[in-house]
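Just below is one structure, and these are the notes that go with it.
Position 1 is the first residue of the sequence, and the numbers go up from there.
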Amino acid sequence: MKKLLLPLTAGLILFGCADKKAQEQSLRDSVIAIHEKVMGEDGKLEDSKTALGAFVKANPTGPLVDSANLLTGKLTLADSAMMIWMHDFNPELNKSHDENMAYLQKQKRLVIQIDSQMNAALNASNKFIAKTKTK
């Protein structure tokens, strides 16, 4: 009986470790996927900033200049938030499983928040650009 229990216990321990690494890898992949989605919006963000800048240049004293500048600021803040997150993110996990999972969950929340921030800034900018192009 003891001969059977030892290999079974060793197998469960090894499987448990592999399962923990798989959980960490899955969560890390999820964080990176969100990051890639946000970075895919970078071109749209730059296009919106360019369009808003062109609007301000063409209408330096118009009534909507403050709105255009505010929207440009929101786009810049969203872009800066992403750059700061990327600079601070460390995909190398070398702590305990619980610490690694907590870190990755926090990073996922942060990058989702940045995604929401960028989407809100882009949506507001796109509405403004569409509205001012028709005038």
Side-chain angles (χ1 to χ4, degrees):
M1 183 70 168
K2 287 183 182 179
K3 290 181 183 179
L4 182 61
L5 190 58
L6 184 61
L8 183 61
T9 303
L12 286 174
I13 290 172
L14 289 175
F15 180 73
C17 290
D19 188 47
K20 287 180 180 181
K21 289 296 178 193
Q23 286 177 338
E24 290 174 12
Q25 184 64 44
S26 177
L27 187 51
R28 181 182 323 148
D29 290 348
S30 175
V31 171
I32 297 299
I34 297 165
H35 161 263
E36 294 298 325
K37 176 191 172 287
V38 174
M39 290 307 295
E41 300 292 312
D42 195 47
K44 293 177 186 176
L45 189 136
E46 291 303 320
D47 290 346
S48 290
K49 282 202 270 188
T50 300
L52 291 168
F55 174 82
V56 170
K57 189 172 184 177
N59 303 288
T61 59
L64 299 175
V65 171
D66 288 341
S67 296
N69 286 330
L70 178 68
L71 292 168
T72 300
K74 288 182 179 189
L75 292 168
T76 300
L77 283 174
D79 189 39
S80 294
M82 188 68 223
M83 294 303 128
I84 291 168
W85 180 86
M86 288 187 330
H87 181 268
D88 292 344
F89 179 66
N90 181 10
E92 301 301 319
L93 304 174
N94 53 11
K95 296 187 178 180
S96 74
H97 173 70
D98 290 340
E99 290 172 312
N100 289 341
M101 292 299 286
Y103 174 76
L104 289 170
Q105 288 166 349
K106 178 180 178 187
Q107 295 306 306
K108 186 173 182 177
R109 282 191 303 274
L110 289 172
V111 78
I112 287 171
Q113 182 180 2
I114 293 166
D115 182 39
S116 295
Q117 179 183 4
M118 189 173 289
N119 286 332
L122 280 170
N123 287 336
S125 297
N126 290 338
K127 286 179 184 176
F128 178 86
I129 292 165
K131 186 173 93 175
T132 57
K133 278 188 177 182
T134 60
K135 291 185 177 185

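Side-chain contact between N59 and L64: absent, with no pair of heavy atoms (C-beta onward) separated by less than 4.5 Å. Contact of the Q23 side chain with the H97 side chain is registered, since non-hydrogen atoms from C-beta on lie closer than 4.5 Å.
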Sequence neighbours left out, cut at 3.5 Å: what donor-acceptor pairs do the side chains of residues 65-82 make with other protein atoms?
| from | atom 1 | to | atom 2 | distance (Å) |
| --- | --- | --- | --- | --- |
| N69 | ND2 | V65 | O | 3.4 |
| T72 | OG1 | A68 | O | 2.9 |
| T76 | OG1 | T72 | O | 2.9 |
| S80 | OG | T76 | O | 3.0 |

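Residue pairs meeting the side-chain hydrogen bond (donor to acceptor under 3.5 Å, both in side chains) criterion with at least one partner in residues 114-130, sequence neighbours excluded, are K37-D115, S48-N126, D115-N119. Counting only residues at least two apart or in different chains, ring pair (Phe, Tyr, Trp, His ring centres under 6.0 Å) contacts with residues 34-55 comprise H35-W85, F55-F128.
Residues passing the side-chain contact (heavy atoms from CB on, under 4.5 Å) test with I32, sequence neighbours excluded: R28, E36, F89. Applying the side-chain contact (heavy atoms from CB on, under 4.5 Å) criterion to K57, with sequence neighbours excluded, gives no partner residue. Annotation: side-chain contact (heavy atoms from CB on, under 4.5 Å) contacts of S96 (sequence neighbours excluded): D98, E99.
Annotation for Q113: atom CD does not count as buried by contact number, only 12 or fewer foreign heavy atoms lying within 6.0 Å. Heavy-atom neighbours of K49 NZ from other residues, nucleotides or ligands within 6.0 Å: above the threshold of 12.
Both I34 and M39 are members of a single hydrophobic cluster when ILVMFWY side chains are connected at heavy-atom separations under 4.5 Å. Taken together through direct or relayed side-chain contacts under 4.5 Å among Ile, Leu, Val, Met, Phe, Trp and Tyr, I84 and M118 form parts of separate hydrophobic clusters. Linking ILVMFWY side-chain heavy atoms closer than 4.5 Å, directly or via other members, places L122 and I112 in a single hydrophobic cluster. Both V31 and M83 belong to a single network of hydrophobic side chains, linked directly or stepwise wherever heavy atoms of I, L, V, M, F, W or Y lie under 4.5 Å apart.
The two residues N100 and N94 make their nearest non-hydrogen contact at OD1-N, 3.8 Å. Smallest separation of non-hydrogen atoms from K108 and L27: CD-CD1, 4.0 Å.
Counting only distance, with no hydrogens or angles, the side chain of Y103 and the backbone of N90 share a donor-acceptor pair below 3.5 Å.
Taking NZ of K131 as the start and CD1 of I129 as the end, the distance is 12.0 Å to the nearest 0.5 Å. Remark: L52 CG to D47 CG distance equals 11.0 Å, nearest 0.5 Å.
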